[in-house]
K.L.:
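Here it is: the structure, laid out below.
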Amino acid sequence: MVRKYKNLCSPITIGNVTFRNRMFSAPMSGAEITPECTIGPKSTAFYELRAKGGAAAVTVSELMVHPKTDASHAYHLNTQTVGSVASFTYTADAIKRHGAVPSVEFSHSGQYAGTYLLDKDKKESMTQYGPSAGTRPDGLSVTPLTKEQLGEIVEAYYENAKLAKLCGFEMIMVHGGHGWLINQFLSPYFNHRTDEYGGSFENRVRLAREVLTAVRKAVGPGFPIEFRMSGSEMFKGGYDLEEGVKIAQAVEDLVDLIHVSAGSYKFGFSITHPSMFRDHGCNVYLAEEIKKHVSKPVATIGGLNDPAMMDELIGSGKVDVVVMGRALLADPELPSKVEQNREDEIVRCLRCFVCMAERGTTQTRRCSVNPLIGREWEGMDLQPARKKKKVLVVGGGVGGLEAAVTAARRGHDVILCEKEGSLGGILKCEQGIDFKYEMYELGLTLERQARLEGVEIRLNTEVTPEYAEKIGADAAIVAVGSVPIVPPIPGIDGEHVVVVNHYYMEKDKVTGDEVVVLGGGLAGCESAVHLAKEGKKVHLVEMRKELAPDANIRHRPILLAELDNQKVICHLGYQGLRITEEGVWCQAEGKEVLVPGSAVICAVGQRARKDEAANLRDIAPIVKQVGDCLRPSNICTAVYQGYHAALDL
């Protein structure tokens, strides 16, 4: 067959190992780390899924090489911990059996030890080791590593590399970026030593070379070593791209692949992990420039998920390999779909940070658009239904579509009814906001999948008990969604007032240079950012004392920073009283004040269609309710509930 993305699908030999394509799975912490810091069966299945989906390399993350000076709760590999060697061996086997190359990331957190602890208070009882004495942003003191300790750490890289190879890993990634220990030594911001490990560039790169030399000694010639680095630290006082090029040149004789990322821990999470507010591939220029100055293959990473873009990067010679993290959570089969010319079936990552928010709060893994993530060990393949049923799905939003697709894939006959003229539900409103357009596209992708799976779709069809009786379904999944809350205040029905759900259809009503967004939840804040990006002066009105409490812990600080970057004027503790042509009159601190604007966006929340759902409670012997009709929530909840409702049939 002729592969549409021939550059992306072409093999590459790195060291003495040939990789089946140019799409690598980035290091992502697994779904389970045992109390002994080994890889549990859930994590093994987590990594295996990406191998099964067609990635050429799958990197296990993170192995902390020297627990004595780095007490982060991440993977340890040693012969003293029962089950450690075995768990790594089983994981390497699970990756290899699908044709992917198993790799493992070697790290040391340096002065950010404790990063992975769920109980952050425990950091205070630990010693934080770094290149130099100092104080962390959170107030904890940093103790400089002695030469003897550095020697132990280098030896630990050697011992871990020997064991990793013994366990069956066929590549090792040495993490030298993102503000971790090796990066701390490379960085003039962190490294203020006066011995042979600090000061000049040659001294600051010394630890990286010693570590890489030790790893090479352990694994021998031809065994691929990947060096992950920040092309630029991208903050004042850190090194820039010019010095990033020098770092790559300084280590290239010791490595086989130079993996170029960006930024630093604590100084730009949305840079190291590009948010929805940044362009896809925003960090590629770093790898592109470094490739011009080195002879070894170069990999790039950072919000990449479009096959056409990635194919061009390789075809034009800008990079040799593309690395994806969140994109392969959203759709582990992305590489296989690319190789089979099925790119229109790819479920795109929304860059919503649900995956990372869960890691930081519950130490589990979840993905908004992939209900299997974090639960792979329960079974990676849908099982056929024991008995084929006629299934009626009521509602064509994300929950209903996910339920319909899943039920059809299990062999059921599925009819999906949607009372509007198109599918997608609340996702349709996201087409009006540029940085959320992929959420709109999710609805299109799910619709495409439903049609491919043979779901019978009936648009402009409202389901009543009488209509359902004629269908005679064995089971029904009710996903009738929610409706926007419209507060009963004077002027809310004015021509210059737009409910946020309808913004994509009524953009022409938002005239003038000054706009008021009524409601400071997630939807209101994101709408405010969008309007400010379009050049509007935006006032954000919220009756509570905080903004976006419904946003997850990773997305929220980035969103708040974006509000600040876009100079959105936030009015907290303001309660809307009435809307006039001048703007919104509010009560604040016992006074009436005018928040000016020629247009008003109403974004005060959603209300579940509970009555409509209740009316359909008896339309089949088995009836399940999913999504916003139960309680307004988010895409992740709707997808998860729709998926599992279909599994229960």
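Sequential numbering from 1 along the given sequence is applied to the chain's residues.
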K.L.:
Side chains of F169 and T59: does their closest heavy-atom pair fall under 4.5 Å?
P.N.:
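In short, these two side chains do not touch, never coming nearer than 4.5 Å.
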K.L.:
Only pairs at least two apart or in different chains count here, so list each salt bridge (Lys or Arg N to Asp or Glu O under 4.0 Å) that has a residue in residues 310-329.
P.N.:
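Applying salt bridge (Lys or Arg N to Asp or Glu O under 4.0 Å) to every pair that reaches into residues 310-329, excluding sequence neighbours, yields K291-D320, E312-K318.
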K.L.:
Measure the spacing between SG of C37 and OH of Y75 and express it to the nearest 0.5 Å.
P.N.:
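Reported value, rounded in 0.5 Å steps: 10.0 Å.
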K.L.:
Which pairs, with at least one residue in residues 162-173 and sequence neighbours excluded, count as a salt bridge (Lys or Arg N to Asp or Glu O under 4.0 Å)?
P.N.:
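The answer is E159-K162.
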K.L.:
Just distance, no hydrogens or angles: give the donor-acceptor pairs under 3.5 Å from side chains in residues 640-649, sequence neighbours left out.
P.N.:
{"from": "Y640", "atom 1": "OH", "to": "R375", "atom 2": "NE", "distance (Å)": "3.4"}
{"from": "Q641", "atom 1": "OE1", "to": "G627", "atom 2": "N", "distance (Å)": "2.7"}

K.L.:
Filter on salt bridge (Lys or Arg N to Asp or Glu O under 4.0 Å), then keep only pairs touching residues 90-104, sequence neighbours left out; what's left?
P.N.:
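Passing the test, one end in residues 90-104: E48-R97.
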K.L.:
Would you please say whether a donor-acceptor pair under 3.5 Å links the side chains of N7 and S10?
P.N.:
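No pair is found: no donor N or O on one side chain lies under 3.5 Å from an acceptor on the other.
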K.L.:
Show every salt bridge (Lys or Arg N to Asp or Glu O under 4.0 Å) that has at least one partner inside residues 396-411, sequence neighbours left out.
P.N.:
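Qualifying pairs, neighbours excluded: R409-E453.
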K.L.:
Between S84 and H76, is any side-chain donor less than 3.5 angstrom from a side-chain acceptor?
P.N.:
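No, no side-chain donor-acceptor pair sits under 3.5 Å.
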K.L.:
Determine, stepwise, if the pair F24 / L257 fulfils side chain to side chain contact (heavy atoms under 4.5 Å, CB included).
P.N.:
CA-CA 12 Å; F24 286 18; L257 178 64; 4.0 Å; yes
K.L.:
Write out all pairs satisfying ring pair (Phe, Tyr, Trp, His ring centres under 6.0 Å) with one or both partners inside residues 346-370, taking only residues at least two apart or from two chains.
P.N.:
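Every pair satisfying ring pair (Phe, Tyr, Trp, His ring centres under 6.0 Å) with a residue in residues 346-370: F269-F353.
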K.L.:
Less than 4.0 Å between a side-chain N and a carboxylate O, is that true for E105 and R228?
P.N.:
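Looking at R228 and E105, the cut-off is met.
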